Amino acid sequence: MAPVHERARRVGDLPTPALVVDRKALAHNLAVMAEALPGARLRPHVKAHKCTALAREQAALGHRAFTGATPRELLGLAVAGLGDDLLLANETVDAHRLRTLADCGARVTVAVDSVETVDAAADNGIEEVLVDVNVGMPRCGCRPDDAGRVADDARARGLAVRGVMGYEGHAVGIVERERRAAAVEQAMAELRRAHDLVGGDVVSAGGTGTYDLNTTATEIQAGSYPLMDGLYAELDLPFRRALSIVATVISVADAHAVADCGLKALAMDHGNPGIHGADVWFCSDEHVTFAPTTRPVVGDRVVVWPRHVDPTVALHEVIHVADGPGLDAAVVDTWAVDLRGW
Ligand SMILES: Cc1ncc(COP(=O)(O)O)c(C=O)c1O
C-alpha cells in the first residue's frame with residue numbers, strides 16, 4: 001500500500017506533522033540568488049536542505065560546486081552525480097570518512113585548521129584543502145596569523161592548497177544592514193590577511209544574510225536562501241519563506257489550543273515557531289501550545305513556521321512539495337531528505 005502522504009492530494013490532507021515547501025516561493029528564491037550570484041559565484045551550502053532533489057535544482061541554475069558540513073552530505077551529492085567540486089567546510093579527523101570521500105569519484109576539498117586535520121586529510125587520500133580561518137565567530141578556523149603555517153604544513157604533506165575559507169557567522173543575522181556590512185568588512189579584512197599568507201585562487205565565505213555584502217569572497221556559501229526561516233525573514237533580504245510544517249489541532253481548551261508539532265519536528269534553538277494569527281506559548285516533545293485569535297476545532301490544520309530551517313529539516317525524512325502556499329495547495333512531489341546523518 002502506498003504511504004499515506006503519497007495519496008494526499010492537497011497540503012491539508014497530509015499526515016502531520018509534515019514538512020512542506022512552497023515551490024513558487026522556492027523558485028523565486030533560487031532565481032533571485034542565481035541572478036545575483038551566477039554560476040560558480042555561489043557554492044550553495046546543502047546543510048540547510050540536505051536534499052539532492054533541491055541540490056539538482058540549484059545545479060540546473062548553474063551552481064555546480066557545493067558546500068557541505070558533513071562527509072555524508074558530500075557523499076550523497078557525489079552518488080547523485082553532483083560531484084564536480086565539493087567542499088567540506090568543516091573539520092574532521094575521521095579516517096574512514098575521509099578515505100570514503102577521497103575514493104568517491106568526486107572532486108573533494110576539505111577544510112583544515114591544524115596540523116592534526118592536515119595529517120588526517122593527507123593520510124587518507126584527500127588531495128585538496130582550504131585553510132579555514134576564524135574571522136570572528138568562535139567555532140572552527142585557525143587564527144589569521146597562523147594560516148600561512150597551516151598552508152605550509154599542508155603543502156609539506158603534498159596537499160594542494162586552493163585558498164582560504166572563513167565564515168562570518170557572527171555577522172549574517174545582524175538586522176541593521178549597515179551594522180551587518182561593517183561586521184562583514186571587519187571579518188573579511190581578517191580573511192584577506194590570511195589569504196595573503198596562504199595564496200591560492202579560492203576565498204570562500206558568506207551566507208544568506210551577507211550574500212550581497214561580502215565582496216571579498218570569490219564564492220559565497222549561502223545555504224538558507226532557498227527555504228528561508230524566521231530569523232532571516234527579519235532582515236532586508238529579497239527571499240521568501242518557503243518552508244513550513246503542517247500540523248493538526250489535537251486539543252482545544254478555553255484560552256489555548258494544541259497541535260501535533262513539537263520539539264521532535266521542529267528545531268527551537270532560534271526560538272518559538274510562528275503560527276499566523278496566534279501567539280505561540282511553548283513547544284514540548286510532540287506539541288505546540290498556542291493562543292489562537294479564532295478558536296479552532298479539533299482536527300483543524302495549522303501552518304507552523306520554523307525559526308531555524310537547517311536543524312528542522314534534519315528531523316524529517318521527506319519534504320512535500322506544494323504548488324503554492326496554504327493548506328489548499330496541491331502536493332505535486334515528495335523529496336527525500338536524503339543527505340541526513342554524518
Ligand atoms: C561554514 C558555513 N558557511 C556558510 C553558511 C551559510 O549558511 P546560511 O545561508 O544559512 O547563512 C553556514 C551556516 O551556518 C556555515 O556554517
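Just so you know, ligand 1 is whichever comes first in the structure, and atom 1 is the first atom listed for that ligand. These numbers come from a predicted model, not from an experiment.
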In chain order, what residues pass the salt bridge (charged side-chain N to carboxylate O under 4.0 Å, His left out) check against Arg97, with sequence neighbours excluded? Asp94

Nearest-neighbour protein heavy atom for [atom], which is reported as residue plus atom name and distance:
atom	answer
atom 10 (O) of ligand 1	Ser224 OG, 2.4 Å
atom 14 (O) of ligand 1	Lys47 NZ, 2.8 Å
atom 3 (N) of ligand 1	Gln221 OE1, 2.6 Å
atom 12 (C) of ligand 1	Tyr167 CZ, 3.3 Å
atom 16 (O) of ligand 1	Arg139 NH2, 2.8 Å

Determine, for [X] against [Y], whether the closest basic-nitrogen to carboxylate-oxygen distance falls under 4.0 angstrom.
X	Y	value
Asp22	Arg241	no
Arg149	Asp153	yes
Arg177	Asp212	yes
Glu73	Lys47	no

Is the contact between Arg43 and ligand 1 made by the side chain, the backbone, both, or neither, using heavy atoms and a 4.0 Å cut-off? neither

Report the part of His45 in contact with ligand 1, treating N, CA, C, O as backbone and CB onward as side chain, heavy atoms under 4.0 Å; options are side chain, backbone, both, neither. side chain

Give a yes/no on ligand 1: does [X] have at least one heavy atom closer than 4.0 angstrom to it?
X	result
Tyr211	no
Gly206	yes
Ala48	no

Sorted by first residue and then second, give each salt bridge (charged side-chain N to carboxylate O under 4.0 Å, His left out) pair with at least one member in residues 23-45; sequence neighbours left out. Arg23-Asp323, Arg43-Asp85, Arg43-Glu219

Is there a side-chain contact between Val129 and Val118, using heavy atoms and a 4.5 Å cut-off? no

Do Met188 and Leu191 make a side-chain contact, defined as non-hydrogen atoms from C-beta onward lying under 4.5 Å apart? yes

Distance-only N or O hit between ligand 1 and Tyr232, under 3.5 Å: yes

State whether the shortest distance between N or O atoms of Gly223 and N or O atoms of ligand 1 falls below 3.5 angstrom. yes

Show which atoms of ligand 1 fall inside a sub-4.0 Å distance from at least one heavy-atom site of [X].
X	value
Thr208	8 (P), 9 (O), 11 (O)
Ala222	9 (O)
Gly207	6 (C), 9 (O), 11 (O)

Can you list the steps and then say if Glu91 with Arg139 is a salt bridge (charged side-chain N to carboxylate O under 4.0 Å, His left out)? CA-CA 11 Å; Glu91 278 67 10; Arg139 207 172 65 178; over 6 Å; no

When you look at Gln58 and His49, which way does the side chain to side chain donor-acceptor pair (under 3.5 Å) test go after all the steps? CA-CA 12 Å; Gln58 294 172 308; His49 56 69; 3.1 Å; yes

